[in-house]
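Written below as structure tokens is the structure these notes are about.
Chain identifiers are assigned alphabetically (A, B, ...) following the order of the sequence lines, protein sequences preceding nucleic acid strands; residue numbering begins at 1 within each chain. All figures in this text were calculated on a predicted structure; none of them were measured in a lab.
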Amino acid sequence: MREGRPVRVETRHSIQNTPTGTDCSPPTAVANVSQYACQRRTTTENHNKIFTDVMEELAESSEFNESKGPCLAFRQAASVLKSLPSAVHCLKAIQGLPCLGEHTKAVMEEILTFGRSFKVEEIRCDERYQALKLFTSVFGVGPKTAEKWYRRGLRSLQEILTEPNIQLNRMQRAGFLYYSDISKAVSKAEAKAVGCIIEETVHWIAPDAILALTGGFRRGKEYGHDVDFLLTMPEMGKEEGLLLHVIDRLKDQGILLYCDYQGSTFDVSKLPSCRFEDMDCFQKCFLILRLEQGQVEGERGLQRDPGDSRGWRAVRVDLVAPPVDRYAFALLGWTGSRVGLDQIIVK
DNA sequence: CGGCATACG
DNA sequence: CGTAT
DNA sequence: GCCG
């Protein structure tokens, strides 16, 4: 759902070509891939990492070169390959798949033949690519800022921090401050612990509030880069103000390290029906929370060398609060599958 | 050959 | 404008 | 770069 955007429902979205099973691949593997990411199978396992890593590097490189089109194309190619149920062993296996054109297939062929892409290896060696990749790995730093720093001759994060003439904005300050934590994967146990904190906070404010884990952890992933939740109230309109209230409470608890709140842009009267499925319009917030090690299952009580660890880590957390009548739909959008609400709601 | 998302600080 | 999802 |  993070990838390709709106979905206009057309007939061609359903299965078209059932490739005749010539050698290499199971035809079933290929038949069901939609050109739209949100209609694609979302798997926990990526069976084509050797290809998708390269596609994502090509996308990144394109982005650094301000080639928006190619960047999007490579991202979509990576997304399609990630959605496949098994590893691609020969090019025949990807016949008829969307977003995989001549260039992409040539790169894949190279990888199948030599186990590597020479074009990508060149990119990886490039000093500019390396620096921009490093800079953009900081939360709040995008291609433009990274480029600006690169042109000033800066090459390392240390140089950014010691350069006196650089003014970081609030997001970037948080990005540097919690850099190592935010770059680190969030474990399922940590996601659960965050879930408990959010749940306790939410239900202290409104005992009947409905909270659901979404995103990668909802789909059963073992690790993620953030933790996502949907939040609403059973009675229409009561969700108004809830999110800001939750944020206040997190502040009071002293665990809110960063907060970016975005009010709702959802307006029935102004909304064309085609944006029915646009979930970006609900009120939401992007947070960085302080998670105590003691709250994480499996870390409880075990205390290593004092001084070595500070006893907590920072975690990126997203909360989205749609009105209840949009809730089920939003959930569908975030999880990619229809499941009973009861098995999704936290606790 | 044009489009490729959009809200916010 | 730049970054985020 | 891919698609229509």
Side-chain angles (χ1 to χ4, degrees), chain A residues 1-8 10-13 16 33-38 54-81 94 96-108 117 119-120 132 135-149 167-176 182 214-216 224-230 243 258-267 270-272 274-288 316-322 330 333-334:
Chain A
M1 210 53 200
R2 305 244 126 124
E3 214 59 53
R5 275 294 116 173
V7 179
R8 219 159 272 120
E10 297 161 25
T11 50
R12 67 197 155 77
H13 293 162
Q16 300 141 17
V33 179
S34 166
Q35 71 169 303
Y36 296 103
C38 51
V54 162
M55 295 308 158
E56 276 163 0
E57 281 174 292
L58 288 170
E60 203 174 25
S61 169
S62 301
E63 187 168 47
F64 294 158
N65 294 325
E66 289 172 300
S67 311
K68 286 193 117 170
C71 172
L72 181 67
F74 285 126
R75 290 239 157 87
Q76 286 168 334
S79 173
V80 164
L81 291 169
I94 57 166
L97 287 184
C99 308
L100 304 179
E102 285 312 304
H103 188 259
T104 303
K105 277 189 267 193
V107 172
M108 290 182 69
S117 159
K119 176 79 194 315
V120 167
L132 296 191
F135 295 161
T136 54
S137 74
V138 177
F139 177 72
V141 179
K144 301 296 176 182
T145 305
E147 177 71 41
K148 211 165 61 191
W149 292 346
Q167 288 296 332
L168 301 174
N169 65 28
R170 199 174 66 90
M171 200 184 278
Q172 293 160 347
R173 286 198 304 269
F176 275 103
I182 291 176
T214 64
H225 90 283
D226 63 5
V227 193
D228 305 316
F229 298 93
L230 268 187
L243 199 49
Y258 172 86
C259 174
D260 182 7
Y261 171 80
Q262 302 187 4
S264 172
T265 57
F266 179 76
D267 186 343
K270 279 200 280 183
L271 219 50
C274 66
R275 285 189 51 190
F276 220 50
E277 358 201 331
D278 185 358
M279 289 163 298
D280 287 345
C281 58
F282 307 127
Q283 44 173 315
K284 55 183 173 292
C285 60
F286 312 117
L287 314 175
I288 299 176
R316 279 273 300 105
V317 176
D318 297 339
L319 303 177
V320 182
W334 255 282

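Taking only side-chain atoms of A:Q262, from C-beta outward, the nucleotide of D:dG1, C:dG2, B:dA7 with the closest atom is B:dA7. Considering only the side chain of A:H225, C:dT5 comes nearest among C:dT5, D:dG1, C:dT3. Of the candidate nucleotides C:dT3, D:dC2, B:dG9, D:dC2 has the atom nearest to the side chain of A:H103. Looking at the side chain of A:F74, the nearest of the listed nucleotides C:dG2, D:dG1, C:dT5 is D:dG1. Distance from the side chain of A:A73 is smallest to D:dC2 among B:dC4, C:dT5, D:dC2.
Between D:dG4 and B:dA5, the distance separating the two P atoms is 16 Å to the nearest Å.
Take A:T145 and apply the side-chain contact (heavy atoms from CB on, under 4.5 Å) test, not counting sequence neighbours, and it matches A:V141, A:W149, A:Q172.
Taking atom CD of residue A:E56 and atom P of nucleotide D:dG1, one finds them 18 Å apart after rounding to whole Å. The separation between A:F139 atom CZ and B:dG9 atom P is 13 Å, rounded to whole Å. Rounded to whole Å, atom P of C:dG2 lies 13 Å from atom CH2 of A:W149. To the nearest angstrom, P of D:dG1 lies 12 Å from CD of A:E102. Rounded to an integer number of Å, the gap from OH of A:Y261 to P of B:dA7 is 15 Å. For the pair A:E147 CD and C:dC1 P, the computed distance is 16 Å after rounding to whole Å. Regarding A:Q172, its CD atom lies at a distance of 9 Å from the C1' atom of C:dG2, rounded to whole Å. Summarising the geometry, the separation between CG on A:L287 and C1' on C:dT5 is reported as 13 Å, rounded to the nearest angstrom.
Phosphate proximity of D:dG1 to A:R75: absent, as no side-chain N or O sits under 4.0 Å from OP1 or OP2. A close approach under 4.0 Å does occur between a side-chain nitrogen or oxygen of A:T104 and OP1 or OP2 of D:dC2.
At the heavy-atom level, A:S67 lies nowhere under 4.0 Å from the strands shown. Residue A:K68 is out of contact with every strand shown, counting any heavy-atom pair closer than 4.0 Å. Among the protein residues, A:G69 comes within range of the nucleic acid bases, having at least one heavy atom under 4.0 Å from a base atom.
Summarising the local packing, NZ of A:K119 is surrounded by 12 or fewer heavy atoms from other residues, nucleotides or ligands at distances under 6.0 Å.
Residues A:F176 and A:F139 place their aromatic rings such that the two centres sit no closer than 6.0 Å.
The residues A:E63 and A:R75 are annotated as salt-bridged, a charged nitrogen and a carboxylate oxygen being separated by less than 4.0 angstrom.
Rounded to the nearest 0.5 Å, atoms CG (A:L72) and SG (A:C99) are 8.5 Å apart.
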